[in-house]
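The block underneath contains the structure these notes are about, expressed in structure tokens.
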Amino acid sequence: MEVNRTRPASYKLRMSEDLHQWLKDNAAKNYRTLATEINMHLEQAMLKQQKEDDDEK
């Protein structure tokens, strides 16, 4: 299943300092912005969940 990126939504997100630093470090290693890094992880989690849901059917 493809991820729809046509309508970006703005959302203020609170997270621990440790998680924030980990995401920033990963974003830098992957030449991404922090927002893009967060989106990438969320999209991967969504696709994984969708696959697991499909496998249960």
Side-chain angles (χ1 to χ4, degrees):
M1 175 174 243
E2 224 172 291
V3 176
N4 181 358
R5 299 173 198 243
T6 57
R7 296 184 334 178
S10 180
Y11 186 81
K12 191 170 187 172
L13 178 66
R14 295 178 190 200
M15 67 182 79
S16 70
E17 285 294 323
D18 290 343
L19 179 58
H20 184 248
Q21 190 59 54
W22 180 81
L23 286 164
K24 279 176 55 175
D25 292 344
N26 277 293
K29 280 192 284 189
N30 295 314
Y31 304 101
R32 295 183 181 117
T33 64
L34 180 59
T36 302
E37 187 73 15
I38 292 168
N39 281 324
M40 187 272 307
H41 285 283
L42 290 171
E43 288 171 358
Q44 284 182 346
M46 179 185 70
L47 292 172
K48 180 182 175 193
Q49 181 65 53
Q50 287 173 341
K51 183 180 183 312
E52 289 171 359
D53 290 349
D54 288 345
D55 290 346
E56 289 177 2
K57 292 180 182 175

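Taking 4.5 Å as the limit, every side-chain heavy atom of R32 sits out of range of all side-chain heavy atoms of N26.
In this structure, the separation between CD on Q44 and NZ on K48 is 10.0 Å, given to the nearest 0.5 Å. Between the OG1 atom in T33 and the CG atom in N39 there is a gap of 8.0 Å [rounded to 0.5 Å]. A distance of 11.0 Å separates NZ in K24 from CD1 in I38, rounded to the nearest 0.5 Å.
Around the CD atom of E17, the shell of radius 6.0 Å holds no more than 12 heavy atoms that belong to other residues, nucleotides or ligands.
Put simply, Y11 and M40 are part of two different groups of oily side chains (I, L, V, M, F, W, Y) that touch within less than 4.5 Å, one to the next. Under a hydrophobic clustering in which Ile, Leu, Val, Met, Phe, Trp and Tyr are joined whenever their side-chain heavy atoms come within less than 4.5 Å, directly or via other members, L42 and L34 fall into the same cluster.
Across all non-hydrogen atoms, the minimal contact from L23 to E37 is O-CG, 3.8 Å.
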request  = Please test Q50 against D53 for side-chain contact (heavy atoms from CB on, under 4.5 Å), starting from the C-alpha separation and ending with a verdict.
outcome  = CA-CA 5 Å; Q50 287 173 341; D53 290 349; 5.5 Å; no
ask   = Under the salt bridge (charged side-chain N to carboxylate O under 4.0 Å, His left out) criterion, do D25 and K29 qualify, and how do the steps go?
value = CA-CA 6 Å; D25 292 344; K29 280 192 284 189; over 6 Å; no
